Amino acid sequence: MKKDFLKYQAQTTPHPLGLEVSHAQGSYIHTTDGQSHLDFVAGVSACTLGHSHPKIVQAIKDQAEKYLHVMVYGEYAQQPAVELTKLLAENLPDGLNKTYLVNSGTEAIEGALKLARRATGRTQILAAHQAYHGNTMGSLSLMDFEERVQPFRPLVGDIAHIKFNDTSQLSDITVQTAAVILETIQGGAGFIEPQNDYLKKVKARCEETGALLILDEIQPGFGRTGKLFGFQNYEVVPDILVMGKGMGGGLPIGAFTASEELMDLLSDNPKLGHITTFGGNPLIAASALTTLQELLHSQLIPDTLQKETLFRKHLKHPLIQEIRGRGLMLAALMKNSEIADRVVLEAKDRGLILFWLLFEKRAVRLTPPLTISSEEIVKGCGIIVDILNEIAAE
């Protein structure tokens, strides 16, 4: 299978990890050679309730027996999508009450950027240095990492950058600015949290100038930081909220949410201001609805903070400089990138799945399913510490 995988399926790197997956259950991915791998990555924060959660599987089966795709987005009322968007509105602050469902986080970013320009009549978008919002053309245009964007120029125009957590650059937000788009917690840059009320200060400046604040919750969202959404930790409410990854419980989905007044702008002048064939797909909406219901009716969200404490307790080693992040959105920063590489690759051989971050090469990603047990956390941390001990002894 691996040979055909490399020959027929387009790759994203020259050297993919190449595990041959047989099945996955709970916190484990099982491979065709009979090995079990404890998953500390969760599909890059996507498998919120672990692998093949029985309630999600049942919801998918139940919906599949009723109907699959019936019409392009926004034309027919379909129960899973209606219930999902209603439940979201009931659990979000006032002003975030209407949701557009799409197929991925990066598509949701595209829709949010279009909405900001449509609503304000302005064109300038401000993003953060070392931002990562996806890889479609608009999302890629928000990135300032020249090595990654240069081969694809020209990009979408009138985009500038400010430094995350630097309040001296708030004056860059002006009456020419349509929107400021920020990750609530910077992901690829190293799981960097906002400091000193930074997001509140950005929102205040946006209100002064008439710009909109877009917060990218694609990774922090859906319980990973101890709140349903990461922004709820920082006492700020965005004008446009973008979500994805863990929203679908393992199926592909994205969404952006704003006020009814803002969202209705996409339905007219021009009509079909944003359109998607498969957004709101009933099978995927059923999975997302079940995921959200389980998060709201269990202790999984508050338990992420206790599990964070467990990670921090058991990942103490001289080669780990710090652990960044919140809840189960954590990154262990090693002394250098070579150590991080060895930890990820050697852990794979010992039955533990780890991964990297996009820009911060010293980081080892720790984003397991929210359903991971305390025993599994301790087990995985033990493998990491054993590897570090061996490296230190060399």
Side-chain angles (χ1 to χ4, degrees), residues 27 38-48 105 128-133 163-165 182-199 215-236 242-247 295 300-317 319-335 337 339-340 343-344 347 352-372 374 376-378 380-381 384-385 388:
S27 300
L38 178 58
D39 187 0
F40 270 17
V41 178
V44 188
S45 303
C47 301
T48 301
H129 290 293
Q130 290 198 310
Y132 180 74
H133 298 283
K163 187 175 180 181
F164 196 77
N165 277 329
L182 299 170
E183 298 158 89
T184 304
I185 298 175
Q186 280 202 299
F191 287 11
I192 299 172
E193 289 192 76
Q195 304 293 329
N196 302 315
D197 292 328
Y198 176 68
L199 294 181
L215 286 184
D216 178 344
E217 287 273 349
I218 293 169
Q219 191 159 190
F222 291 88
R224 190 155 287 279
T225 67
K227 301 284 188 181
L228 183 58
F229 289 99
F231 71 82
Q232 294 169 318
N233 291 298
Y234 309 111
E235 299 180 349
V236 64
V242 180
M243 59 195 86
K245 285 193 184 295
M247 179 181 186
L295 290 174
L300 286 173
I301 294 179
D303 283 354
T304 60
L305 301 179
Q306 298 175 19
K307 293 173 182 179
E308 174 192 352
T309 300
L310 203 58
F311 268 106
R312 293 184 181 276
K313 176 182 177 181
H314 289 275
L315 281 182
K316 292 181 179 178
H317 194 278
L319 296 182
I320 299 177
Q321 291 190 321
E322 65 175 307
I323 295 179
R324 290 182 185 165
R326 180 186 289 255
L328 290 178
M329 184 178 172
L330 301 174
L333 265 70
M334 305 297 164
K335 278 196 170 182
S337 61
I339 294 173
V343 169
V344 173
L352 176 66
I353 295 176
L354 301 170
F355 209 60
W356 298 271
L357 298 185
L358 190 61
F359 303 129
E360 178 50 83
K361 301 302 183 182
R362 298 171 298 154
V364 173
R365 168 185 288 274
L366 304 167
T367 57
L370 271 56
T371 50
I372 194 167
S374 298
E376 290 166 339
I377 291 172
V378 173
C381 289
I384 295 171
V385 170
L388 292 173

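Heavy-atom basis, side chains included; hydrogens, waters and symmetry copies ignored. Not measured: the values here are computed from a predicted model.
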Got [X] and [Y] here, is their nearest side-chain heavy-atom distance under 4.5 Å?
{"X": "Leu182", "Y": "Asp216", "answer": "no"}
{"X": "Gln306", "Y": "Ser374", "answer": "no"}
{"X": "Ile320", "Y": "Met334", "answer": "yes"}
{"X": "Asn165", "Y": "Pro194", "answer": "yes"}
{"X": "Leu388", "Y": "Ile339", "answer": "yes"}
{"X": "Glu183", "Y": "Phe164", "answer": "no"}
{"X": "Arg224", "Y": "Lys245", "answer": "no"}

Within the side chain of [X], is there an N or O that forms a donor-acceptor pair under 3.5 Å with the backbone of [Y]?
{"X": "Asn196", "Y": "Tyr198", "value": "no"}
{"X": "Thr48", "Y": "Gly246", "value": "yes"}
{"X": "Asp303", "Y": "Thr371", "value": "no"}
{"X": "Thr304", "Y": "Thr225", "value": "no"}
{"X": "Glu217", "Y": "Phe231", "value": "yes"}
{"X": "Ser337", "Y": "Arg362", "value": "no"}
{"X": "Arg312", "Y": "Ile323", "value": "yes"}
{"X": "Lys307", "Y": "Leu370", "value": "yes"}

Quick one: closest heavy-atom pair of [X] and [Y], and the distance?
{"X": "Arg324", "Y": "Gly190", "value": "CD-O, 3.0 Å"}
{"X": "Gly327", "Y": "Glu308", "value": "N-OE1, 2.8 Å"}
{"X": "Glu193", "Y": "Arg326", "value": "OE1-NE, 2.9 Å"}
{"X": "Thr184", "Y": "Pro220", "value": "CB-CG, 4.4 Å"}
{"X": "Leu315", "Y": "Cys381", "value": "CG-SG, 3.6 Å"}
{"X": "Ala42", "Y": "Thr367", "value": "CB-O, 3.3 Å"}

Worksheet item: Looking at residues at least two apart in the chain, or sitting in another chain, which of them share a side chain to side chain contact (heavy atoms under 4.5 Å, CB included) with Gln232?
Response: Lys227, Leu228, Phe229
Output the distance between atom [atom1] ([X]) and atom [atom2] ([Y]), rounded to the nearest 0.5 Å.
{"X": "Ile353", "Y": "Arg365", "atom1": "CD1", "atom2": "CZ", "value": "13.0 Å"}
{"X": "Leu366", "Y": "Ile377", "atom1": "CG", "atom2": "CD1", "value": "10.0 Å"}
{"X": "Gln186", "Y": "His129", "atom1": "CD", "atom2": "NE2", "value": "10.0 Å"}
{"X": "Ile372", "Y": "Cys47", "atom1": "CD1", "atom2": "SG", "value": "12.5 Å"}
{"X": "Ile384", "Y": "His317", "atom1": "CD1", "atom2": "NE2", "value": "11.5 Å"}
{"X": "Met329", "Y": "Ile185", "atom1": "CE", "atom2": "CD1", "value": "5.0 Å"}

Practice prompt. List the steps, then state whether side chain to side chain contact (heavy atoms under 4.5 Å, CB included) holds for Phe191 with Glu360.
Written response: CA-CA 9 Å; Phe191 287 11; Glu360 178 50 83; over 6 Å; no
Item to complete: Mind checking ring-ring contact (aromatic ring centres under 6.0 Å, His included) for Phe40 and listing every partner two or more places apart, or none if nothing turns up?
Response: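 In terms of ring-ring contact (aromatic ring centres under 6.0 Å, His included), with neighbours along the sequence ignored, Phe40 is linked to Phe311.
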